[in-house]
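Note that this is a predicted model, so its numbers are computed, not measured. Residue numbers begin at 1 in each chain, while the letters A, B, ... track the order of the sequences.
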Amino acid sequence: MASPMADDALLTAEDLHLSFGPTPALSSASLRVHAGEVLALMGPSGSGKSTLLHCLAGILSPDSGRVRFDGHDLSAMSDARRSALRRTEFGFVFQFGQLVPELSCLENVALPLRLAGVGRRQAQRSAAEWLDRLEVADVAGKRPGQASGGQGQRVAVARALVTRPRVIFADEPTGALDSLNGERVMRLFTAAAQQTGAAVVLVTHEARVAAYSDREAVVRDGRVREQEYVR
Amino acid sequence: MCIVIGMSVGFALLGLLESGPRHGYDLKRFYDERFGHGRALHYGQVYSTLARLLKNGLVEVESEPGDGPERKRYAITSAGVTDVAGWLAQPEKPEPYLQSTLYTKVVLALLTGRDAADLLDGQRAEHLRLMRELTRRKSDGDLADQLICDHALFHLEADLRWLELTAARLDQLADQVRP
Ligand SMILES: Nc1ncnc2c1ncn2[C@@H]1O[C@H](COP(=O)(O)OP(=O)(O)OP(=O)(O)O)[C@@H](O)[C@H]1O
Ligand SMILES: [Mg+2]
């Protein structure tokens with residue numbers, strides 16, 4: 001569905017095709033993500049949601065088609081430039097295993113800032129603020145393994161937001177949580193993203209999680225049916 | 001509730017006629033097989049519905065020799081086709097017992113060669129719209145609001161799961177409903 005405001009999209013996928021060997025994962029997938037919106041990607045298992053997310057984030061390169069972020073074609077960039085973009089403009093939240101188990105929750109959240117060259121004290125101060133906003137200040141000194149699943153996901157959201165990226169990619173961020181904890185993560189996540197103006201691309205198969213989005217797109221057989229964007 | 005069911009019987013009969021003209025008794029049998037779910041339509045209801053559709057110009061009659069309503073063959077008019085299309089494209093307001101109306105719509109879309117997946121996606125969007133509204137209300141509300149909204153949200157979620165399951169089985173269903 002072509003939007004009349006097509007050109008103000010921050011991130012776009014145009015006619016993406018991607019196969020894993022003989023298996024087509026994306027066949028003419030197109031999508032627009034607008035600045036600051038929360039977009040839910042729904043659709044059956046195996047339909048291509050994660051593959052699309054990875055293409056949008058520059059983790060996978062499509063066989064054909066184009067992904068543009070802020071007007072720049074991702075596939076025309078050097079690998080170094082693309083990974084710099086991922087570090088500075090994008091944030092990631094996955095279902096499991098994204099926190100470094102040897103570091104405390106506070107150090108995990110501070111890590112992206114440290115990698116970006118921020119001093120230790122400043123990084124830890126920002127990290128503590130983000131943990132507080134996501135209501136997990138009490139696990140700051142604990143290792144991820146000592147936090148509950150819901151707390152761990154909120155730490156992961158804090159880590160994704162701490163560098164103030166423009167897009168956060170979240171693949172089933174509540175997939176391993178019960179509905180009460182899942183909703184708490186979503187409520188805090190979407191509120192925090194709204195505060196920083198980050199767009200969120202959220203893959204979920206749960207309607208109650210998708211209800212925290214502004215708009216949904218349904219992926220089916222590697223193609224996207226996108227609900228119209230209205231500002 | 002009764003009015004809603006009555007209206008959807010009218011659309012269902014009309015949609016069935018779109019797949020070809022039929023006699024009243026034949027149409028009733030066709031309906032009962034697909035949508036009766038163990039509760040057959042009364043002849044009286046079929047003929048009064050057909051009379052209303054006829055009066056509104058949505059069907060026309062091809063008469064055959066002999067008298068009596070059972071001799072009449074009904075055919076859909078182009079105004080009738082437009083009505084069916086409009087009904088199928090309009091998502092239903094989310095409410096209890098929705099699935100029987102939706103099932104009817106999906107079967108008719110398949111029977112008349114329309115895009116049933118599109119219809120289900122339109123309904124999903126309508127459900128999610130209401131779920132977003134309830135989710136917002138829940139975040140602003142007190143515990144009582146939260147519990148009431150959650151109840152509605154769980155029901156809407158169940159509907160949505162049914163929509164998804166139906167979407168996944170469309171090919172299978174199409175094989176079964178096509179005569
Ligand atoms: N690394 C891979 N190697 C081979 N095939 C893959 C790979 N990743 C995905 N696929 C295939 O591509 C298709 C799309 O997969 P994808 O993971 O994008 O689906 P999905 O919509 O995220 O599913 P789910 O809801 O189960 O996570 C599937 O057929 C899958 O088997
Ligand atoms: Mg996936």
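Residues A:Ser213 and B:Arg132 share a closest heavy-atom pair of O-NE, 2.7 Å.
The side-chain contact (heavy atoms from CB on, under 4.5 Å) check on B:Arg29 picks up B:Asp26, B:Glu33, with sequence neighbours excluded. Remark: A:Arg86 pairs with no residue by the salt bridge (Lys or Arg N to Asp or Glu O under 4.0 Å) rule, at least two apart or across chains.
Here CZ of A:Arg208 is found 11.0 Å from CG of B:Leu160. Values are rounded to the nearest 0.5 Å.
Contacts of B:Ala167 with chain A are made by side-chain atoms alone, with heavy-atom separations under 4.5 Å and no backbone atom involved. Using a 4.5 Å cut-off between heavy atoms, A:Met186 makes no contact with chain B at all.
Note: A:Arg220 leads A:Arg187, A:Arg220, A:His205 in heavy-atom pairs under 4.5 Å with chain B. The residue among A:Glu183, A:Glu216, A:Met42 with the most heavy atom pairs within less than 4.5 Å of chain B is A:Glu216.
Residue pairs meeting the ring-ring contact (aromatic ring centres under 6.0 Å, His included) criterion with at least one partner in residues 150-169 of chain A, sequence neighbours excluded, are A:Phe90-A:Phe169, A:Phe92-A:Phe169.
The environment of A:Asp178 atom CG is dense: over 12 non-hydrogen atoms of other residues, nucleotides or ligands sit within 6.0 angstrom. Counted within 6.0 Å of CD on A:Glu135, heavy atoms from surrounding residues, nucleotides or ligands total more than 12; the atom is thus considered enclosed. Around the CG atom of A:Leu180, the shell of radius 6.0 Å holds no more than 12 heavy atoms that belong to other residues, nucleotides or ligands. Under a cut-off of 6.0 angstrom, the local environment of CG in A:Asp221 is sparse, with at most 12 non-hydrogen atoms contributed by other residues, nucleotides or ligands.
Of residues 121-129 of chain B, those residues with a non-hydrogen atom less than 4.5 Å from any non-hydrogen atom of chain A are, in numerical order, B:Asp121, B:Arg124, B:Ala125, B:Leu128.
Proximity of B:Asp118 to A:Arg225: side-chain heavy atoms (C-beta onward) are separated by under 4.5 Å at one or more points.
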